[in-house]
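Counting starts at 1 for both ligands and their atoms, in listed order. Because the structure is predicted, anything quoted here is derived from the model rather than measured.
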Amino acid sequence: MNLAGKIAVVTGGSRGIGRAICLRLAKMGAKVVINYVSRPEAAEETKAQVAALGAECVVLKFDVANSSEVQDAFKQITDECGRIDILVCNAGITRDGLLARMKEEDWDEVMAVNLKGTFNCVKAGCRPMMKQRWGRIIIITSVVGFAGNAGQVNYSAAKAGLVGLTRSTARELASRSITVNCVAPGYIETDMTSELPEAVKEKILAEIPLGILGQPEDIAGAVTYLASDDARYVTGQAIHVNGGMFMG
Ligand code: NDP
């Protein structure tokens with residue numbers, strides 16, 4: 001797989017799965033735009049690791065949930081880089097709680113970042129791709145968007161929404177040789193999952209046929225495949241990377 005000369009934008013590239021995606025795309029030769037919202041030091045660490053691979057990268061702060069920030073950021077990227085080839089919508093948050101007790105703001109915030117944030121980025125990012133008549137859009141959804149999960153009605157609804165967004169956008173953009181796919185991670189060891197109690201982790205592990213928790217690099221591999229020419233005939237799909245815990 002060779003992504004030399006490609007410009008890739010990774011939302012939430014500062015940590016966890018996003019960082020692993022930035023590193024893998026950089027290893028394949030892409031120039032990477034590393035987005036973050038709240039942790040500049042984490043974004044700088046990703047930048048240092050990408051730079052150590054000898055790849056070009058820039059760090060760019062914007063809140064995916066804020067449409068004007070997103071529009072300004074994508075304009076800046078196209079002005080400076082001339083194009084956007086690969087867009088990975090990875091930024092995401094959780095605000096877990098049982099439905100009966102869930103606060104309205106926890107619903108709204110998760111929708112704003114995970115679902116509307118992806119809409120904002122896909123809308124802004126597809127414009128240069130349409131002009132180029134080539135692009136790869138990869139959206140990070142979740143196993144819970146397919147299987148559901150008690151305590152995550154907001155998050156699983158947003159992630160299920162991303163599957164519909166992926167398929168509809170794939171139909172709209174296919175005539176311009178732009179593919180749109182999603183990757184659905186299972187349980188991956190990152191900051192997002194580190195705070196789960198040990199007992200919950202053990203329970204999840206018991207439901208994973210491969211018997212191990214996933215690593216950010218497992219997701220980066222699927223993303224890199226979808227970004228590559230090998231996946232030119234794949235669009236509107238969801239790749240499940242979950243150790244077998246859900247077989248969709
Ligand atoms: P982390 O919590 O480790 O990292 C989240 C990333 O998203 C950070 O880079 C953070 O930036 C960024 N981010 C959060 N809110 C915004 C925002 N409003 N605008 C821009 N960036 C934002 O998460 P993971 O790496 O675990 O998850 C990455 C993606 O994978 C998410 O979409 C998540 O839902 C999904 N996923 C994760 C699973 C897992 O088991 N870990 C399972 C299934 C799906 P900053 O550093 O500045 O805060």
Side-chain angles (χ1 to χ4, degrees), residues 9-24 32-47 49 59-70 72-74 87-96 108-121 124-125 138-149 152 154-163 165-166 182-196 200-201 204-205 207-208 212-220 222-223 238-243 245-246 248:
V9 180
V10 182
T11 70
S14 47
R15 291 184 279 131
I17 292 171
R19 177 181 287 170
I21 293 169
C22 289
L23 288 168
R24 191 68 69 89
V32 187
V33 178
I34 304 160
N35 158 251
Y36 75 100
V37 70
S38 66
R39 300 207 195 169
E41 70 293 346
E44 287 302 325
E45 175 56 28
T46 304
K47 184 179 174 185
Q49 291 187 23
V59 165
L60 192 57
K61 178 182 179 183
F62 60 90
D63 178 354
V64 295
N66 183 322
S67 56
S68 63
E69 278 187 30
V70 170
D72 291 350
F74 279 76
L87 168 62
V88 185
C89 295
N90 163 80
I93 58 165
T94 50
R95 297 286 181 269
D96 296 350
D108 289 343
E109 211 182 330
V110 165
M111 286 294 157
V113 174
N114 296 8
L115 188 54
K116 190 178 170 207
T118 301
F119 161 74
N120 288 336
C121 295
I138 300 141
I139 292 170
I140 307 300
T141 175
S142 168
V143 63
V144 305
F146 294 83
N149 194 23
Q152 291 196 309
N154 50 358
Y155 182 77
S156 50
K159 293 298 191 181
L162 290 178
V163 179
L165 186 155
T166 298
C182 55
V183 175
Y187 183 106
I188 308 298
E189 287 192 291
T190 66
D191 291 346
M192 186 177 272
T193 48
S194 65
E195 284 174 11
L196 288 176
V200 175
K201 285 189 194 170
I204 295 170
L205 199 52
E207 286 166 15
I208 301 174
I212 48 167
L213 302 176
Q215 296 302 317
E217 292 71 24
D218 295 318
I219 307 307
V223 169
I239 299 188
H240 293 270
V241 183
N242 61 26
M245 74 185 284
F246 173 81

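Contacts between Ala42 and ligand 1 below 4.0 angstrom, taking non-hydrogen atoms only, are absent altogether. The proximity of Thr190 to ligand 1, defined as any non-hydrogen pair under 4.0 Å, is limited to the side chain. Residue-level proximity to ligand 1 for Arg19 is absent, since no heavy atom of it falls below 4.0 angstrom. When heavy-atom distances to ligand 1 are checked against a 4.0 Å cut-off, Phe62 comes that close only through its backbone atoms N, CA, C and O. Here Ile93 has side-chain heavy atoms under 4.0 Å from ligand 1, and that is the only part of it that gets that close. At a heavy-atom distance under 4.0 Å, only side-chain atoms of Thr193, from C-beta outward, approach ligand 1. Of all the heavy atoms of Asn35, the ones lying under 4.0 Å from any atom of ligand 1 belong exclusively to the side chain.
Atom CG of Asn90 and atom CD1 of Ile219 lie 9.5 Å apart (nearest 0.5 Å). Between Asp108 atom CG and Lys116 atom NZ the span is 11.0 Å, to the nearest 0.5 Å. If you take OG1 on Thr11 and CD1 on Ile34, they are separated by 12.5 Å, rounding to the nearest 0.5 Å. For the atom pair CG of Asn242 and CD1 of Ile188, the computed distance is 8.5 Å after rounding to the nearest 0.5 Å. Put simply, OG1 on Thr190 and CZ on Arg15 are 8.0 Å apart, with the number rounded to the nearest 0.5 Å. The structure places OG of Ser194 at 6.0 Å from NZ of Lys201, a figure rounded to the nearest 0.5 Å.
Ranking the protein heavy atoms by distance from atom 1 (P) of ligand 1 puts Arg15 NH1, 4.0 Å first. Ranking the protein heavy atoms by distance from atom 46 (O) of ligand 1 puts Ser14 OG, 2.6 Å first. Scanning the protein heavy atoms around atom 27 (O) of ligand 1, the nearest turns out to be Ile17 CD1, 3.9 Å. Shortest contact from atom 13 (N) of ligand 1 to any protein heavy atom: Ala91 CB, 3.9 Å. For atom 30 (O) of ligand 1, the nearest non-hydrogen atom of the protein is Ile140 CG2, 3.4 Å. Nearest non-hydrogen protein atom to atom 16 (C) of ligand 1 is Val37 CG1, 3.4 Å. Among all protein heavy atoms, the one lying closest to atom 33 (C) of ligand 1 is Tyr155 OH, 3.4 Å. The single protein non-hydrogen atom nearest to atom 5 (C) of ligand 1 is Gly92 O, 3.8 Å, given as residue, atom name and distance.
Polar contact check, Gly18 against ligand 1: no nitrogen or oxygen pair lies under 3.5 Å apart. Considering backbone and side-chain N/O of Asn114, none are found under 3.5 Å from N/O of ligand 1. When only interatomic distances are considered, the shortest N/O to N/O separation between Val64 and ligand 1 falls below 3.5 Å. Note: an N/O pair closer than 3.5 Å links Gly12 and ligand 1 by distance alone. Between Val143 and ligand 1, no pair of N/O atoms sits closer than 3.5 Å. The distance criterion of under 3.5 Å between nitrogen or oxygen atoms is met by Ser38 with respect to ligand 1.
The shortest side-chain heavy-atom distance between Leu196 and Tyr187 falls under the 4.5 Å cut-off. When side chains are defined from C-beta on, Val59 counts as touching Glu44, because their heavy atoms get closer than 4.5 Å.
Heavy-atom contacts from other residues, nucleotides or ligands closer than 6.0 Å to CD of Glu195 number 12 or fewer.
Atoms of ligand 1 lying under 4.0 Å from any heavy atom of Tyr36, numbered from 1 in the order shown and given with element: 47 (O). Residue Tyr187 has at least one heavy-atom neighbour below 4.0 Å for each of these atoms of ligand 1: 40 (O). Shown in contact with Asp191 at under 4.0 Å from a heavy atom are these atoms of ligand 1, numbered in order with element: 3 (O). Every atom of ligand 1 with a heavy atom of Gly16 under 4.0 Å away is listed here by number and element: 25 (O). Every atom of ligand 1 with a heavy atom of Asn90 under 4.0 Å away is listed here by number and element: 28 (C), 29 (C), 30 (O), 31 (C), 32 (O). Residue-ligand proximity, Arg39 to ligand 1, at heavy-atom distances under 4.0 Å covers atoms 45 (P), 46 (O), 47 (O), 48 (O). Under a 4.0 Å criterion applied to the non-hydrogen atoms of Asp63, ligand 1 contributes the atoms 17 (C), 18 (N), 19 (N).
Contact annotation: Thr141 has at least one heavy atom less than 4.0 Å from an atom of ligand 1. Contact between Ala184 and ligand 1 is absent, with no heavy atom of the residue lying under 4.0 Å from the ligand. Using 4.0 Å as the threshold, Thr11 has no heavy atom nearer than that to any atom of ligand 1.
Of the residues Leu165, Thr118, Leu162, Thr166, the one that meets the side-chain contact (heavy atoms from CB on, under 4.5 Å) test with Cys182 is Thr166.
Using modelled atom types, one side-chain atom of Lys159 and one backbone atom of Ile140 make a donor-acceptor pair closer than 3.5 Å. Remark: the backbone N or O of Leu60 is paired with a side-chain donor or acceptor of Asn35 at under 3.5 angstrom. Thr94 places no side-chain N or O within donor-acceptor distance of the main-chain N or O of Asp96, the cut-off being under 3.5 Å. Using a distance-only test at 3.5 Å, with no hydrogens or angles considered, a donor-acceptor pair links the side chain of Glu69 to the main chain of Asp63.
Looking only at atom types and distance, the side chain of Asn66 has a donor-acceptor partner in the side chain of Ser68 under 3.5 Å away. Using a 3.5 Å distance cut-off with no hydrogens or angles, the side chains of Arg19 and Thr46 do pair a donor with an acceptor.
Between Phe246 and Phe146, the ring planes are tilted. Angles from 30° to 60° get that label.
For atom 38 (C) of ligand 1, the candidate residues are Pro216, Ser142, Gly186; the nearest heavy-atom contact is made by Gly186.
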